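Got a structure here, written out as structure tokens. Questions coming.
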Protein chains: 2
Amino acid sequence: MSHVGYGCLMAVDREHVLRSAAALLTRRATATMDEVAKAAGISRATLHRQFAGRDALVRALEELGIQECEAALGAARLDDGTAREAVRRLVGEFESAAGLLGFLYTENQLFEGEEQNAGWSRIDARIAALFRRGQESGEFRIDLTPAWLTEALYGLFASGAWAVSEGRVAAKDFQYMIVELLLGGALRREES
Amino acid sequence: MSHVGYGCLMAVDREHVLRSAAALLTRRATATMDEVAKAAGISRATLHRQFAGRDALVRALEELGIQECEAALGAARLDDGTAREAVRRLVGEFESAAGLLGFLYTENQLFEGEEQNAGWSRIDARIAALFRRGQESGEFRIDLTPAWLTEALYGLFASGAWAVSEGRVAAKDFQYMIVELLLGGALRREES
DNA sequence: CCCACATGAGACATGAATGTCTCATGTGGG
DNA sequence: CCCACATGAGACATTCATGTCTCATGTGGG
């Protein structure tokens with residue numbers, strides 16, 4: 001047939017639905033499909049036509065999260081300059097995705113048995129490689145493994161995003177707080 | 001009547017039930033009441049006799065978590081020695097409760113509207129006071145707020161406990177990894 | 001103008017978890 | 001020995017989210 005896709009009536013903006021769902025589920029991970037639909041301004045039926053079920057929706061959100069992370073990783077240019085500068089850029093680029101990331105981070109615990117999306121492994125590897133680069137260049141200490149630093153970064157993103165949404169930390173301090181704690185820790189430095 | 005409580009047949013070991021539930025829910029936050037009962041080695045009926053419902057069970061777990069945290073806070077003697085030593089002791093004492101803490105930390109997001117247990121505020125305050133003491137003594141930097149350091153500590157506990165349970169970090173490194181990252185950060189130190 | 005089609009609204013069935021109930025059982029204490 | 005009582009097993013109703021269905025509507029394109 002001739003009409004390839006959606007020639008006449010524009011289908012519901014899938015992107016917008018995903019964004020709305022992400023924003024809602026970030027705040028309340030147990031939100032109903034009904035609530036998700038309302039949040040997106042569409043009916044439950046239409047939501048269901050786009051995503052076969054809650055499962056499919058979460059998977060789509062996972063894909064979205066992975067895309068955002070990979071976009072952030074690209075924009076952060078992890079190979080440029082010092083490792084600490086790259087970490088700073090990385091956190092900045094990740095900021096907008098932190099909420100979604102936190103949601104997916106906790107949601108992953110529920111999948112338990114199932115194999116996790118390969119995208120996360122790639123992302124983990126790229127972040128861990130950055131920390132490894134910092135270790136090899138002598139910038140970072142070598143007694144904290146890249147795997148742990150990566151994991152810790154996720155944890156700080158999640159708690160940071162939550163603290164901001166709860167009003168315990170100002171949104172404008174998000175990047176600074178995370179970067180400074182991750183890189184420098186709580187102790188005062190004598191040196192430069 | 002004469003028999004005050006459980007004179008004859010010992011009631012189901014409430015403590016044991018709570019421990020089992022904590023262990024299970026730490027791994028799978030969505031576990032069924034049935035599974036919780038099985039994990040504790042009792043029937044669902046008995047579980048219901050002890051805890052009016054899932055809600056009551058979670059509240060009881062929250063109380064348990066608060067108790068453990070306050071016990072840990074006491075054992076860590078936050079007012080003794082340098083603040084960094086106190087932080088080290090604190091993380092060590094919290095280690096056994098980290099899994100439960102992580103569960104409750106994420107579970108709290110679901111309660112959304114409701115007011116959170118006052119116990120957490122007390123605990124937050126004690127931990128934040130420790131960081132503040134470190135700042136006032138000149139040990140800790142002052143540009144990271146005590147509130148954020150407290151929040152970050154929770155996040156590191158959660159991600160640390162999860163990383164251990166996933167096998168990405170060795171259990172024996174738990175305390176070291178968290179303390180070193182929290183206090184010293186990822187950067188190498190030139191000074192002592 | 002008419003048709004195609006995506007949408008919204010809602011009815012309906014389904015499955016799962018929950019909460020409540022009864023009853024048989026076994027053990028411990030008097 | 002007998003009674004009290006906590007327990008386990010299971011039946012049952014209920015609630016809720018979900019998935020599927022139908023139908024009316026409205027709009028855009030031909």
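Chain naming here is simple, since letters A, B, ... match the order of the sequence lines and numbering starts at 1 in each. Computed from a predicted model, the values in this text were never measured in an experiment. Reckoned from all heavy atoms, side chains included, excluding hydrogens, waters and symmetry mates.
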Quiz item: Checking Glu139(A) side chain against Ala83(A) main chain: does a donor-acceptor pair fall under 3.5 Å?
Solution: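 Yes, the answer is positive, given that a donor and an acceptor are paired below the 3.5 Å cut-off.
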Exercise. Please report, rounded to the nearest Å, how far the P atom of dT7(D) is from the CG atom of Leu47(B).
Key: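 Atom-to-atom, Leu47(B) to dT7(D), this comes out as 11 Å.
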Quiz prompt | Interatomic distance where CD belongs to Glu35(B) and C1' belongs to dA16(C) [whole Å] | solution =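 The answer, rounded to whole Å, is 12 Å.
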Practice problem: Using atom CD of Gln50(A) as one end and atom P of dT18(D) as the other, report the distance to the nearest whole Å. | Solution: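 Result: 17 Å.
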Practice problem: Going 5' to 3' through nucleotides 18-24 of chain C, assign each nucleotide B (protein heavy atom under 4.0 Å from a base atom), S (under 4.0 Å only from sugar-phosphate atoms) or - (no protein heavy atom that close). | Solution: BBB-B--
Quiz item: In terms of side-chain heavy atoms, does Glu151(A) have a donor or acceptor partner in Trp162(B) at a distance below 3.5 Å?
Solution: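 Result is no, nothing qualifies.
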Self-check item: Expected output: side-chain Gln135(B) to main-chain Leu144(B) donor-acceptor under 3.5 Å
Solution: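 Checked: pair present.
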Quiz prompt | Main-chain N/O of Leu78(A) paired with Arg89(A) side-chain donor or acceptor, under 3.5 Å | solution =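 No; judged by distance alone, with no hydrogens or angles, the pair does not exist.
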Quiz prompt | Secondary structure string for DNA chain D (Watson-Crick or G-U under 3.5 angstrom, | for other-strand pairs) | solution = ||||||||||||||||||||||||||||||
Quiz item: Taking only N and O in the side chain of Ser43(B), is any of them less than 4.0 Å away from OP1 or OP2 of dT7(D)?
Solution: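 Negative; the distance criterion is not met.
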Practice problem: Return the orientation label for the Phe174(A) and Phe157(A) ring planes: parallel under 30°, perpendicular over 60°, tilted otherwise. | Solution: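 Phe174(A) and Phe157(A): parallel rings.
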Exercise. Can you sort out the partners of Glu70(A) under salt bridge (charged side-chain N to carboxylate O under 4.0 Å, His left out), two or more places apart, ordered by chain and number?
Key: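 Glu70(A) satisfies salt bridge (charged side-chain N to carboxylate O under 4.0 Å, His left out) with Arg122(A) only.
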Practice problem: Answer yes or no: is there a side-chain heavy-atom contact under 4.5 Å between Leu90(B) and Leu153(B)? | Solution: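 In short, these two side chains touch, coming nearer than 4.5 Å.
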Exercise. Could you check whether the rings of Tyr105(B) and Tyr154(B) sit parallel, tilted or perpendicular, using 30° and 60° as the cut-offs?
Key: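 The rings of Tyr105(B) and Tyr154(B) sit tilted, inter-plane angle from 30° to 60°.
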